[in-house]
Every structure is written in structure tokens, then in C-alpha cells.
2 protein chains.
Amino acid sequence: MIRTPYLLFLGDAPDALAAKVAQGIKDWRPEFAVGQLRLPGCQADLGLTDMTLEEAYAAGAKTLVIGVANRGGVISDGWMSVLVRALELGFDLASGLHTLLRDQHPLVEASARAGRALHDVRLPEQPYPIANGVRRSGKRCLAVGTDCSVGKMYTALAMEAEMRKRAMKATFRATGQTGILITGNGVPLDAVVADFMAGSIEVLTPDNDPDHWDLIEGQGSLFHVSYSGVTMALIHGGQPDALILCHEPTRPHMRGLPDYKLPSLEALRDTALPLAKVANADCEVVGISINTAALGEEEALACLQEAEARMGLPAVDPYRQGAGRLVDALSALS
Amino acid sequence: MIRTPYLLFLGDAPDALAAKVAQGIKDWRPEFAVGQLRLPGCQADLGLTDMTLEEAYAAGAKTLVIGVANRGGVISDGWMSVLVRALELGFDLASGLHTLLRDQHPLVEASARAGRALHDVRLPEQPYPIANGVRRSGKRCLAVGTDCSVGKMYTALAMEAEMRKRAMKATFRATGQTGILITGNGVPLDAVVADFMAGSIEVLTPDNDPDHWDLIEGQGSLFHVSYSGVTMALIHGGQPDALILCHEPTRPHMRGLPDYKLPSLEALRDTALPLAKVANADCEVVGISINTAALGEEEALACLQEAEARMGLPAVDPYRQGAGRLVDALSALS
């Protein structure tokens with residue numbers, strides 16, 4: 001559990017893309033973003049108030065979140081002095097960098113002296129049980145993809161935002177580092193030991209009100225041979241009531257696997273649904289989310305209409321159109 | 001890689017079942033079993049020569065394998081003095097106990113002094129890559145089960161033994177602690193970090209001669225919600241050419257999951273095969289292995305005949321009948 005709200009550290013980001021974690025926090029949890037801290041040369045700007053550590057602390061920020069990738073995998077001296085100073089002032093630190101905070105001697109020392117926490121969200125912070133498969137109260141929705149990185153996190157966040165707007169009970173449940181930094185908690189599933197994967201998702205999505213929906217962030221794909229085991233554990237640990245099929249229509253092959261073609265939406269449906277029914281016999285596929293960023297507006301709409309007609313399910317690009325129709329489909333279930 | 005041959009430590013085993021790891025080594029790798037070491041009160045007997053540490057070392061034993069479960073999860077003083085003495089004499093130690101050797105101060109000290117290895121086979125001994133999905137040469141067979149603990153390891157070991165008898169090129173590939181102790185190497189898959197599961201199986205079953213078969217030890221079940229992710233990673237990391245369906249016909253529910261019924265053999269086939277074809281389009285289901293230990297001879301044969309007729313595949317209990325017909329089915333493939 002990362003303490004909120006945050007001061008977002010953009011460092012010396014070479015461009016806006018390098019600060020996409022900070023952008024995600026600002027987009028999806030603006031109430032967590034007290035301000036931004038930029039070093040000389042920073043080319044990213046979230047449009048938040050620029051603050052010093054002292055100003056942000058006075059404004060109530062509890063954690064300095066590293067919202068930017070570090071160049072070359074090393075934490076520069078320029079970054080380090082800011083991070084140490086933040087700990088001394090009373091901030092916790094949170095990071096999704098490959099380079100772990102806990103492996104940085106100055107940060108370990110300073111955090112111990114100040115009694116502050118170092119959150120490396122790539123690694124689990126707690127032990128998890130083996131899954132017990134017991135049915136839980138409340139509802140769960142899981143995004144599954146034809147491939148990795150097709151918009152599963154975005155889809156779940158967009159659905160949560162729409163549901164909150166409608167005063168529905170909804171909680172995005174993060175299973176990856178960006179999602180964890182955005183929401184302040186979650187399970188870094190790809191770093192969990194095999195035996196405890198499904199159990200970690202049971203812990204992440206506990207009993208809840210009958211009309212509460214967990215929007216579980218998907219990971220990997222049943223068709224991606226590097227990560228399919230992670231996806232399988234999400235399906236069985238999450239015991240979803242509803243699946244959303246996620247797809248990117250222009251990808252020539254599975255991400256990182258040049259010899260593997262993407263499956264069709266039909267194949268994804270026919271593979272994921274029977275497996276989901278093992279843990280929850282009532283599970284249904286309720287909608288399709290297509291990332292049409294690579295298409296022009298007309299092409300995108302044609303692609304969505306074609307998928308909708310073919311699959312008999314609402315098909316939307318939540319970035320272009322919002323997630324309203326996906327939420328309608330969830331509402332129709334409950 | 002555990003150095004062979006072994007002296008098998010049976011300790012003060014209260015009965016034969018407590019020494020089943022040692023029994024497995026003696027059954028499947030008799031050439032690794034130089035002798036047995038029993039403490040006063042030991043109720044297990046593998047029929048091997050009883051040896052002192054000194055005798056076994058002189059006879060060429062390289063590793064003392066703890067082939068027995070420890071009572072109450074603690075390593076008693078009686079055990080500890082033997083284990084320390086073994087290290088001092090020049091033995092490595094290997095153990096699949098929950099209680100780790102590396103957490104025992106006297107063993108860590110003695111092994112450091114003697115320059116000997118402590119193998120806790122429950123934990124990975126090396127880092128693994130993320131799977132790349134590239135097709136490998138050689139052939140692979142994977143046992144998949146309707147449930148956990150239905151005889152997948154036994155089936156693969158029995159097939160390997162039969163293939164070696166026929167002078168076929170075959171290697172059992174261990175993915176769990178007992179199999180690792182039996183063969184001296186393998187991947188403790190349930191302890192591998194999620195992202196590297198499939199990659200660890202790619203490493204375990206590398207390129208090989210075109211007519212060489214890896215017999216990959218199965219784990220879990222696609223229908224067991226606690227462990228299905230592990231099974232999925234085996235299917236995609238192993239990219240099997242052949243699947244054997246494993247089943248135990250008298251089980252009232254999935255192991256440890258009272259609310260979950262076992263799937264039919266048809267459901268297992270129809271779920272596992274399309275997933276396996278993602279990594280290897282040529283994969284086929286070639287046979288069925290049924291653990292009929294709980295049935296009388298007549299009942300067992302009737303059960304096997306029924307499954308064989310229904311599924312159109314050879315169905316055997318390798319313990320009763322040997323694995324010959326399963327190996328015939330593999331041979332017919334290649």
C-alpha cells in the first residue's frame with residue numbers, strides 16, 4: 001500500500017513518452033497528483049504545478065513517485081540527491097524501475113535513518129497463499145487479450161472511470177507495475193512465484209458487496225507462449241463473471257514472437273471462456289475492446305463495426321469512444 | 001546438477017511411505033543408489049546395502065540425498081550430526097524438504113568449510129530467461145492431467161524406462177522436487193517466478209537429435225485453479241509433439257478443492273490440445289494413462305477398455321501393464 005497523494009518525479013525525461021507512468025497517474029488518479037518535480041533538461045510536462053520537494057510536502061504529498069524511465073538503467077547522481085533529500089524530508093519513494101531502489105545504498109541508508117518506505121513495485125511486498133478456489137461475493141470483470149500490450153489496462157481503467165461516473169461500485173485491480181503506481185496498490189503478478197499466482201489474485205479481489213465490480217487488469221495472453229501461464233492464473237484466481245476481449249488489429253505477429261500469428265477474436269473467446277467457466281460457471285464474454293490507435297477514424301469505425309457484427313458483442317475503442325457500452329454490458333449482467 | 005551416485009538417507013523414517021523419495025530413486029535410477037543409511041528406529045528398508053558415511057564415500061557416493069520426510073518440519077539433532085559429518089567427509093547434500101538446508105546454520109558452516117554444495121531442490125538454482133517460443137529440434141512428450149497427483153511423473157518415468165529398453169533416445173525431464181532428486185537435475189517449476197516459467201521449460205528441454213524424445217514431467221492441471229498457470233507454462237514452454245492424458249477414476253473432487261469436479265478425458269483433450277497447438281501445430285494426443293491403484297484387477301481392466309473405446313486412444317495403467325503401448329504410440333508419430 002503506497003501512501004497517497006504523490007509528488008510525481010519526472011526527472012530529466014527526454015520526451016513525454018518517457019514519463020508515461022506519471023501521465024497515467026495524472027490521467028486516472030488526478031486526485032493523487034499534488035504536483036510535478038522536473039530537473040533541468042526535462043522535456044516532459046504533465047501540466048501540473050511544478051513544485052520543490054518542500055512545497056509538495058507542505059501541500060500534503062506523502063510519496064515521491066518516480067514516474068519516468070531512467071536512461072541506461074542507472075540512477076544518476078542528479079536523481080539520487082533528490083531521492084535522498086525526499087526521504088530526509090519524510091517522503092516515501094515508489095518506483096517501477098528495473099533498477100531497484102532497495103539495491104541503492106544511499107537510499108537504503110536514508111530510508112532507514114528517516115524511517116521511510118522504499119516501494120519497488122516490480123516485486124511483491126507480501127507473501128501470498130495458494131489459491132483455494134472458493135467462490136467470493138461481488139462481481140469481477142477481466143480483460144483478456146489476443147496478445148500482450150493491446151490495451152487491457154487502459155480498458156479496465158476506462159471502465160472503472162465510467163462506472164464511478166455512474167455511481168456504480170467499481171475498483172480497478174492492478175496486476176502490473178504501472179497500474180500499481182497509479183492506484184497505490186496491487187499485485188506485480190509477473191514477479192510472483194508460480195505456486196502463488198492464482199492465490200495472489202484471490203487476495204487482490206476479495207469478497208465484496210454483491211453489486212461491486214472489480215475491474216481486473218489483464219496480463220499477457222493465453223496465446224502468448226512466454227506469458228500464458230500468468231494469464232491462466234489470472235483467469236482462475238480472478239474467477240471473473242465477465243470477460244472483455246481486447247485486440248490490436250494491425251499487429252503483424254505476437255509481440256516479441258515473430259513466428260506466432262495473433263489469434264482471431266473467435267479463437268480467444270472459445271479458448272478463454274471454457275477455462276473461465278472452470279472457476280465460475282456463470283462467466284460470460286460481454287464485450288470487445290479494440291485499440292485502433294494505428295487506424296484513421298473511418299477505418300477504426302469500420303473495424304469496430306465489422307467485429308461487432310461478426311461477434312455479436314459490443315465492440316468499442318475506449319480511447320476514441322469511451323467505455324460506456326462495455327459498462328452497459330456489465331450492467332446488463334448484474 | 002546434483003553429483004551422482006548417491007547415498008540415500010532414510011533417517012528414522014516411521015514407515016516405508018515416508019521414504020518414498022528414496023524409493024523413487026531406487027526404482028528409477030538404481031545405478032545412482034550406492035546404498036542406504038538408516039538411523040536407529042528406521043522403519044523403511046529399500047533393500048539396498050546399509051552403509052556408513054565412510055563406506056559409501058569409499059564406494060564412490062558423491063551426494064547424501066535426504067530421501068525421507070522430516071517429522072514436524074524440523075531437522076532433529078540426530079539428523080544434523082549425520083549431515084554435518086557427511087559434508088566434512090566430502091559429500092554434497094540434496095534435499096526436497098520444506099525446511100531448507102541453506103537455513104540451517106550448522107550445515108551452512110560445514111559446507112563452507114568443506115567446500116561442498118547444499119542442494120535445496122525446492123528452489124531454482126539458476127536464473128531462467130523469458131521464453132522465446134522458437135521451435136526446437138527433437139521431440140517432446142508431456143503428460144497432462146485431469147487433476148494434480150494422478151500419475152503424471154510415474155507415467156513419464158515408465159515411458160522413459162521402456163524407451164531406453166528399446167534403445168530409443170529418451171530423457172525424463174523433471175519439473176518437481178522428487179523428479180529432480182531422482183534424476184539429479186530439473187526445474188522446480190512451482191518455485192519459478194511467473195515471468196520465467198515457460199522459459200525455464202525451454203531451457204530444460206533444449207534442441208536435441210531429431211529422434212530424441214524428452215519425456216516432460218507434468219505439473220498441476222489446466223482444470224486445477226490453484227496451479228493451472230503452471231500447467232499452461234509447461235504446455236507452451238515444452239511445445240510438446242505428443243500429449244498423454246492422465247487420470248485417476250475414483251477421485252470425488254479436484255485435489256484440495258471440494259467444490260470442483262474432475263473434468264472428463266474429453267474435456268481435458270479438447271482444452272489441452274488447442275493450447276498446445278499454439279506452440280506446436282503438429283501436436284497430437286497419443287494416449288491415456290489411468291492410475292487404477294484404487295480398483296481391483298477386473299474393474300481396472302474394464303475402466304481402461306471403456307476409456308480406450310470411448311476416446312479411440314490406447315489407455316493403459318503403466319503400473320499394472322507397463323508403458324509399452326504408450327511408447328508404441330510415440331513411435332508411430334516419429
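Here is how names work: the chains are called A, B, and so on, in the same order as the sequence lines, proteins then strands, and each is numbered from 1. What's counted below: heavy atoms across the whole structure, side chains too, no hydrogens, waters or symmetry copies.
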Checklist entry - Can you tell if the side chain of B:L275 reaches within under 4.5 Å of the side chain of A:L275, non-hydrogen atoms only? => result yes
Next on the checklist: Need one label for A:E202: side chain, backbone, both or neither, based on atoms under 4.5 Å from any heavy atom in chain B.
Outcome noted: neither
Next on the checklist: Take a 6.0 Å sphere around NE2 of B:H253 and say whether it holds more than 12 heavy atoms from other residues, nucleotides or ligands.
Outcome noted: yes
Checklist entry - Hey, what do you get for CZ (A:F223) to NE2 (B:H236), rounding to the nearest 0.5 Å? => result 8.0 Å
Next on the checklist: Shorter than 4.5 Å, heavy atoms on both sides: which option in A:G133, A:A198, A:A233 has the most such pairs with chain B?
Outcome noted: A:G133
Item to check | Sidechain-backbone polar pair: A:S226 side chain, B:I130 backbone, donor-acceptor under 3.5 Å | outcome: no
Checklist outcome for this item: Ranking B:A191, B:G237, B:P263 by heavy-atom pairs under 4.5 Å to chain A gives rank one to B:A191
Next on the checklist: Heavy-atom cut-off 4.5 Å, strictly under: side chain, backbone, both or neither for B:T271 against chain A?
Outcome noted: side chain
Item to check | Minimum heavy-atom distance between B:N132 and A:L257, given as atom pair plus value | outcome: O-CD2, 3.2 Å
Next on the checklist: Taking the side chain as everything from C-beta on, heavy atoms only, tell me whether A:M197 gets closer than 4.5 Å to B:M197.
Outcome noted: yes
Checklist entry - Near B:R255 CZ, under 6.0 Å, is it more than 12 heavy atoms from other residues, nucleotides or ligands? => result no
Checklist entry - Which atoms of B:Q219 come close to chain A, meaning under 4.5 Å heavy atom to heavy atom: side chain ones, backbone ones, both, or neither? => result neither
Checklist outcome for this item: Most contact-rich option vs chain B, by heavy-atom pairs under 4.5 angstrom, among A:G199, A:G229, A:G220, is A:G229
Checklist entry - When rounded to the nearest 0.5 angstrom, what distance separates CG in B:L222 from CE in A:M232? => result 6.5 Å
Item to check | Min side-chain heavy-atom separation B:V193-A:V192 under 4.5 Å | outcome: no
